[in-house]
Amino acid sequence: MHILQLAIPPDFPLPIPGNLSLLEFLIVLTFILHIVFVNFTLSFATGAVALEGAGIVKKSKRLDDMARICSFHASIHKSIAVVLGVAPLLIVSVIYTQYFYTSTLLIGKAWISIIVLLITAFLLLYVYKFSWEKWENKKGLHFFVGLVASAILLFIPLIFIVNIVSMLYPEKWSSANGFFHSLFYYPQIWQRYAHFVLASLAAGGFYMYFYFAWKQKKQPLSDVEQSLKMGGVKVTFWITLLQLLFGSLLLISFRRDIVLLFMGDDLLLTVLLLVSILLTIVLCGLLYIVTKKDTQNVFYASVICFVLIVALMGWMRHEVRESYLQPYMDEHPRTLDVQKENVQPIK
Amino acid sequence: MDFPIVEFPWFGNGNIVALIAIIHVLISHGVAIGATAIVVSTEYYAMQTKNAKLDQLAKQLTKWIVIITTTVGAMTGVGIWLSTMVIQPDSIGSLLRIFFWAWVTEWVIFIGEVVLLLIYYYTWEKWKKGKEKQKHLNIGITLAVFSWLTMAIITGILAAKLTPGRWVETLSFWNAFFNPTYLPSLAFRTFLAVTLAISLFTIFVRLFVKDKDVRLPLFRIFSIWGAISLPATFIFGIWYLKSIPEQAAKLIVWSTGLPEQTFNVLNLIAFALIVVFLIWLVIRPKKLPAVLALAMFISAIGFIGEFEVVRESIRKPYIIYNYMYVNGITAAKAEAMNRDGYLAHSTIAKVKTITEENKIEAGREIYEGQCLACHTIDGWRSKRALANRLQGWPQKSIEAFIPSMHQVRPMMPPFVGTKEEVEALAAYLYKVVNEQN
């Protein structure tokens, strides 16, 4: 690799403000929190639209009621998803400045468009939620509003994925030509996207199961709520099974030496991957049991399993980035202590 | 020039951030902070006077606070940051290094603010009576405090850009945060938020709240808050004004782009307008003319636009005062670049050594790195468009002007680089200016 000719800038002379290991721990933790709420938002918004659409076709009030509950949860979780996203973005900016700023600037206009896209999607989600009764006779329009909001929400992750994938490939920067070109230029983008969208559906289904199981302890569920709960479990079960395939597709889209790290070259990564696959199979088993016989113990076990899988995924995601960037970081060190001579006042 | 350049040739790079920032200040100050304080007072007043209809109006207003702040408000807040990453990466990157933990703290409080806001709105009907109503009100009060706290933290960062104070010597976080304009600007913004909320919301109340039983008590709450906030905004505004650097104060009128007399007249009219408006609200709330409320709404937006533009522009030629110029160049970089060349120290520059063949290309790269932060070639703001400013200039004059421009125009940073680079920049500017004209 001709690392020296790459457009990796020198780090700022002001030091990274804190212990690197602590910041790495925080980025994994806060990213997981953020992405889980993004998953919820995305699955409830798309789920609401799908259910409403099915309700219109089948003329089913029941499906419409289920859709409405989904839309309510979507609009609450989207607010949390956005605020939780600030922390990982802060940390990635601070500890990977040389890579992340460059990859952001390479798709600068798409990056800025996130602001307009999200505002539009969020406002539409409110219209969608608050006009459910008012537009009862304008079902087509109402459905369309939800559809547009969901389409925007499905598009935005691509911008983030291009950005964080592009930062891993400094040797490809010089030929990158904006966001749309990058979508098909960098490896692993669509594999990541598929893995993410499926994870969203699974997380959304799991949330429904979790939320209504919790609610059930206080009061009996209505028929519609029961359908959402059990529907959630089924969605999560099937999607999680699929994830075993799509997760593998993502893994093999990594650079060869990184793939091998997960296959014995690095003990930690290999163990992480094996445990996560094992837990995924266990979760599928638990969810299958739930569909047959819903008990408290299985419920708790599945929650623990789910949380562990999400944590492992977040951790591995971080390790992938570290492995990709390691050779560059050796050549282009980060500023850990202040470079006093480079931080002078302008008099 | 260490990061790829993104150019908005017509709109102007600086204007992108300004536009987002203006919208954000309107919402964060006027809605999230000011309107929340008013809504919570309204709930309290409704409790005291047992006015159920007023309570419902407070709930309706809260719904709008939820809708506006969690969409446009939150996203423009994050948006200022997303867009400065693209437009001013050196500046925002450095600020993140200095103020990281302040931002983290602000983030934690911001999560609290959003969660409290959602609880406050969605429990309105659930916690309706007796002790539960008191609990609901307490959540509202905590929410108002949290919204203010997020501003109290961000203000430290914003104020430090204009007056980093002792930080430039000590590099101490606390010196940067508690900088010379921190307290005055925080006090000013606090009361500005309330004044702004009244100015923005009155027109909607006037037009859409028909019931006199709720409109009049609400106007009464507006006028009580206004009687406190307007004089306080004025007094703290003067304190703030007196505490900014002299060089910056001189740029205030210039930065609005208005002739001094027009500037004075406009600001006086706006001030007179708000005084008349408030007095009217106190004396004859029943007969408040919609036109007056509308005028308030428009002038409030105008004032915030002016405030943001001035606040950003008077910092020139710096982006972080006495540390970094508006084009991201620091003292240490300037020294190295004057010695070895601007392009030699620019990571992404394709031209490293200037020849007759690549001169124009080199000039373009220097333009992008050093001028683009404020200028366009032919953008809509003609004062910043070089096709306008340099029209009719011979290439030699441009070349002679560049090295001394910061002395003639103190809002411009000094050119950084070698003599060959000056020539290359002049050649490029001469070419594009004449192509445009």
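Because the structure is a prediction, the values reported are computed rather than measured. Order of the sequence lines sets the chain letters (A, B, ...), proteins ahead of strands, with each chain counted from 1.
- The greatest number of non-hydrogen atom pairs below 4.5 Å with chain B, out of A:K109, A:K347, A:K78, is found for A:K109.
- Taking the six-membered ring for Trp, A:F130 and A:F72 have ring centres at least 6.0 Å apart.
- Using a 4.5 Å cut-off between heavy atoms, B:V78 touches chain A through its side chain atoms alone.
- In this structure, the portion of B:I16 lying under 4.5 Å from any heavy atom of chain A is its side chain and not its backbone.
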Verify side-chain hydrogen bond (donor to acceptor under 3.5 Å, both in side chains) between A:Q344 and B:E169, making sure each step is shown before the conclusion.
CA-CA 8 Å; A:Q344 297 294 332; B:E169 308 288 345; over 6 Å; no

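- Chosen from A:Q98, A:Q339, A:E341, A:K340, the residue pairing most often with chain B at heavy-atom distances under 4.5 Å is A:K340.
- Ring pair A:F155/A:F179 is perpendicular by interplanar angle, where above 60° counts as perpendicular and below 30° as parallel.
- The aromatic rings of A:F160 and A:W111 stand perpendicular to each other, their planes meeting at an angle above 60°, with 30° marking the opposite boundary.
- Here the CZ-OG distance, from A:F44 to A:S71, works out to 11.0 Å after rounding to the nearest 0.5 Å.
- In terms of heavy-atom pairs under 4.5 Å with chain A, the best-connected choice from B:W101, B:F110, B:W81 is B:W81.
- A:I107 does not touch chain B: none of its heavy atoms, backbone or side chain, sits under 4.5 Å away.
- When heavy atoms are compared at a cutoff of 4.5 Å, B:V108 does not approach chain A at all.
- For A:L89, the parts lying near chain B are the backbone and the side chain together; criterion is any non-hydrogen pair under 4.5 Å.
- At least one test fails for B:K63 against the ring of B:Y121: distance under 6.0 Å to the centre or angle within 45° of the axis.
- Neither the backbone nor the side chain of A:S174 comes within contact range of chain B; no heavy atom of the residue lies under 4.5 Å from a heavy atom of that chain.
- Using a 4.5 Å cut-off between heavy atoms, B:L118 contacts chain A through its side chain alone, with no backbone atom that close.
- The aromatic ring centres of A:W214 and A:F210 sit 6.0 Å or more apart.
- Heavy atoms of A:V343 lying under 4.5 Å from chain B belong to its backbone as well as its side chain.
- Within the 4.5 angstrom heavy-atom criterion, only side-chain atoms of A:T30, from C-beta onward, approach chain B.
- For B:W107, the part lying near chain A is the side chain, with the backbone staying farther off; criterion is any non-hydrogen pair under 4.5 Å.
- For the set A:F122, A:W173, A:Y126, the entry with the most heavy-atom pairs within less than 4.5 Å of chain B is A:Y126.
- In this structure, no portion of A:V116 lies under 4.5 Å from any heavy atom of chain B.
- Classification of the A:Y101-B:F3 ring pair by plane angle, with boundaries at 30° and 60°, yields tilted.
- Under 3.5 Å, the side chains of A:Y328 and A:E171 contain a donor-acceptor pair of N or O atoms.
- Looking only at atom types and distance, the side chain of A:R334 has no donor-acceptor partner in the side chain of A:T97 under 3.5 Å away.
- Within a 6.0 Å radius of CZ in B:F11, more than 12 heavy atoms belonging to other residues, nucleotides or ligands are found.
- For B:D340 and B:H345, the side-chain atoms include at least one donor-acceptor pair closer than 3.5 Å.
- When A:V82, A:L123, A:L125, A:T104 are compared by the number of non-hydrogen pairs under 4.5 Å with chain B, A:L123 comes out ahead.
- With a 4.5 angstrom heavy-atom cutoff, A:P13 touches chain B only via side-chain atoms.
- Options B:E335, B:E113, B:R97, B:K350 differ in how many heavy-atom pairs under 4.5 Å they form with chain A, and the most are formed by B:R97.
- Heavy-atom distances place no part of A:I95 under 4.5 Å from chain B, backbone and side chain included.
- The candidate from A:G108, A:A121, A:P17 with the greatest count of non-hydrogen atom pairs under 4.5 Å with chain B is A:P17.
- No other option in B:G79, B:A332, B:P4, B:A334 has as many heavy-atom pairs under 4.5 Å with chain A as B:P4.
- Contacts with chain A were tallied for B:P89, B:G73, B:G77; B:P89 has the most, counting heavy-atom pairs under 4.5 Å.
- Contacts of B:E7 with chain A are made by backbone atoms alone, with heavy-atom separations under 4.5 Å and no side-chain atom involved.
- Using a 4.5 Å cut-off between heavy atoms, B:L95 does not touch chain A at all.
- With chain B as the partner, the residue from A:T120, A:I76, A:I80 showing the most heavy-atom pairs under 4.5 Å is A:I76.
- Within the 6.0 Å centre-distance limit, the rings of A:Y211 and A:H73 are counted as a close aromatic pair.
- Using cut-offs of 30° and 60° for the angle between ring planes, the B:Y318 and B:Y321 rings count as tilted.
- When each of B:D90, B:I348, B:I320 is checked for heavy-atom pairs under 4.5 Å with chain A, B:D90 comes out on top.
- Ring pair A:F37/A:F40: centre-to-centre distance below 6.0 Å.
- Interface check for chain A: of the options B:I111, B:V114, B:I68, B:L82, the most heavy-atom pairs under 4.5 Å are formed by B:L82.
- Using the six-membered ring where Trp is involved, B:F177 and B:F173 have ring planes that are parallel, under 30° apart on the 30 and 60° scheme.
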